[in-house]
Amino acid sequence: MINFTLSKTETNTLRDLLGRKLLHLRHDPFDKFNDETVYGRVELFFEDFVVLINYDYESFPLFGGNDDDHPRFRIKTIDEQDAVSALQDTKQIDVAIEETVKGVVLVQDTTKVEWDGKKDEICILKALILELGSNEIVIQGDYMIPLLNIFKGKEVRNMLVRPGDEFDQPNTKHETIRSFTKI
């Protein structure tokens, strides 16, 4: 099985957010095609640390190949001076939040896929949900390119893409199970 989920260390970094006040988040300007889509990184600012949610390409060995790359979530604590855009000459946007993180939910899809007579299984972290009392922030990754959709409000988890949508291709069979894991 291909595992495109978080490591134990990354999960623990997110667990450490519980009960802490999220001051603001920072991201690149919205993509010109969609007003919720940003280039693949978001920084979360707390009183005494910053967490980077990075979404960038990694080797994707589906069906045993190594020549394909797909974006993957990576989480780490960074120094504030490192909370800058990965793009040149880009001014990032700060979004005030000022709410306490009540919960963190990992949205993962486990898919059995068959294509061209080959079979494989993959578990992909599709999104992170920050529960902030009455609001949620969803940070959802695109399957093919390092873009993130960011939604804030009530019940925004209903805006997630359909489970297994990336495998809806001609001559491809798949079965996907979505899980919501609160950490």
Side-chain angles (χ1 to χ4, degrees), residues 1-28 36-62 66 68-87 92 94-95 97 99-111 120-132 135-152 156-157 159-161 163-164 166 176-183:
M1 176 190 289
I2 299 165
N3 185 349
F4 255 40
T5 61
L6 298 179
S7 70
K8 187 174 185 175
T9 300
E10 292 169 310
T11 302
N12 287 337
T13 297
L14 291 175
R15 187 175 285 117
D16 289 343
L17 305 182
L18 298 174
R20 296 189 183 254
K21 188 174 189 176
L22 176 57
L23 304 175
H24 67 275
L25 59 87
R26 181 181 292 162
H27 57 74
D28 286 341
E36 289 107 5
T37 303
V38 301
Y39 187 69
R41 65 185 280 151
V42 175
E43 295 96 13
L44 306 176
F45 287 79
F46 295 86
E47 289 178 347
D48 51 352
F49 64 98
V50 178
V51 172
L52 170 65
I53 298 173
N54 195 34
Y55 192 67
D56 204 358
Y57 289 114
E58 280 195 25
S59 179
F60 188 77
L62 191 64
N66 286 317
D68 203 7
D69 290 335
H70 288 279
R72 178 180 186 171
F73 280 98
R74 291 296 186 191
I75 311 293
K76 66 180 179 178
T77 302
I78 61 172
D79 292 327
E80 189 166 349
Q81 68 265 17
D82 295 328
V84 296
S85 175
L87 305 173
Q92 290 186 298
D94 285 309
V95 179
I97 304 295
E99 292 188 58
T100 300
V101 176
K102 305 284 186 192
V104 178
V105 178
L106 305 177
V107 181
Q108 297 176 151
D109 285 357
T110 302
T111 302
D120 213 333
E121 188 172 354
I122 183 165
C123 188
I124 301 173
L125 177 63
K126 298 288 285 197
L128 301 167
I129 301 172
L130 301 176
E131 298 174 333
L132 306 171
N135 286 313
E136 296 175 329
I137 296 175
V138 173
I139 302 169
Q140 174 179 253
D142 183 277
Y143 174 68
M144 294 299 290
I145 53 180
L147 295 175
L148 295 167
N149 289 326
I150 303 172
F151 308 108
K152 182 181 179 208
V156 290
R157 64 179 67 202
M159 299 175 77
L160 293 170
V161 296
E166 64 270 24
T176 301
I177 298 171
R178 174 160 288 168
S179 64
F180 293 82
T181 306
K182 194 165 187 169
I183 58 172

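Residues: numbered from 1 along the sequence shown.
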With Phe46 via ring-ring contact (aromatic ring centres under 6.0 Å, His included) - residues at least two apart:
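ring-ring contact (aromatic ring centres under 6.0 Å, His included) check on Phe46 returns Phe49.
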When rounded to the nearest 0.5 angstrom, what distance separates [atom1] in [X] from [atom2] in [Y]?
| X | Y | atom1 | atom2 | result |
| --- | --- | --- | --- | --- |
| Ile75 | Leu125 | CD1 | CG | 7.5 Å |
| Leu25 | Ile97 | CG | CD1 | 4.5 Å |
| Leu128 | Leu17 | CG | CG | 9.5 Å |
| Leu14 | Leu44 | CG | CG | 8.5 Å |
| Ile137 | Phe151 | CD1 | CZ | 12.5 Å |
| Thr110 | Met1 | OG1 | CE | 5.5 Å |

Does any pair with a residue in residues 2-17 pass salt bridge (Lys or Arg N to Asp or Glu O under 4.0 Å), and if so which ones, sequence neighbours excluded?
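Qualifying pairs, neighbours excluded: Glu10-Arg74.
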Residue Leu18 excluded, over 12 heavy atoms near CG under 6.0 Å
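Result for CG/Leu18: enclosed.
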For Arg157, all residues meeting salt bridge (Lys or Arg N to Asp or Glu O under 4.0 Å), sequence neighbours excluded:
Glu131, Glu136
For side chain to side chain contact (heavy atoms under 4.5 Å, CB included), just list the numbers for Val95 and His27, CA-CA rounded to whole Å, side-chain angles, deciding distance to a tenth of an Å, and then say yes or no.
CA-CA 8 Å; Val95 179; His27 57 74; 3.8 Å; yes
I'd like to know whether Val105 forms a side chain to side chain contact (heavy atoms under 4.5 Å, CB included) with Lys182, so could you lay out the CA-CA distance, the side-chain angles of the two residues, the decisive distance to 0.1 Å, and finally the verdict.
CA-CA 4 Å; Val105 178; Lys182 194 165 187 169; 4.2 Å; yes
Side-chain contact, heavy-atom cut-off 4.5 Å: [X] with [Y]?
| X | Y | result |
| --- | --- | --- |
| Ile139 | Phe73 | yes |
| Ile183 | Leu106 | yes |
| Asn54 | Lys76 | no |
| Val107 | Val138 | no |
| Leu160 | Lys126 | no |
| Val101 | Leu132 | yes |
| Ile124 | Thr111 | no |

Given the rule in the side chain to side chain contact (heavy atoms under 4.5 Å, CB included) test, do Leu130 and Glu99 qualify, once you have shown the distances and angles that lead to the verdict?
CA-CA 10 Å; Leu130 301 176; Glu99 292 188 58; over 6 Å; no
Hey, can you pull the donor-acceptor pairs under 3.5 Å for the side chains in residues 141-148, sequence neighbours left out?
from: Asp142; atom 1: OD1; to: Met144; atom 2: N; distance (Å): 2.8
from: Asp142; atom 1: OD1; to: Ile145; atom 2: N; distance (Å): 3.0

If you apply the rule side chain to side chain contact (heavy atoms under 4.5 Å, CB included), what do you find for Asp109 with Arg178, and how did you get there?
CA-CA 4 Å; Asp109 285 357; Arg178 174 160 288 168; 2.7 Å; yes
Donor-acceptor under 3.5 Å (Gln108 side chain, Thr181 main chain)
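A pair under 3.5 Å: no.
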Can any side-chain N or O of Arg72 pair as donor or acceptor with the backbone N or O of Asp56 at less than 3.5 Å?
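Not at all, since once roles are kept as given, no pair shorter than 3.5 Å links the two residues.
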Identify, with sequence neighbours excluded, every residue that meets side chain to side chain contact (heavy atoms under 4.5 Å, CB included) alongside Asp48.
Arg20
Cationic N near anionic O, under 4.0 Å, Arg26 to Glu80
no
Partner residues of Asp68 under the side-chain hydrogen bond (donor to acceptor under 3.5 Å, both in side chains) criterion, sequence neighbours left out
His70
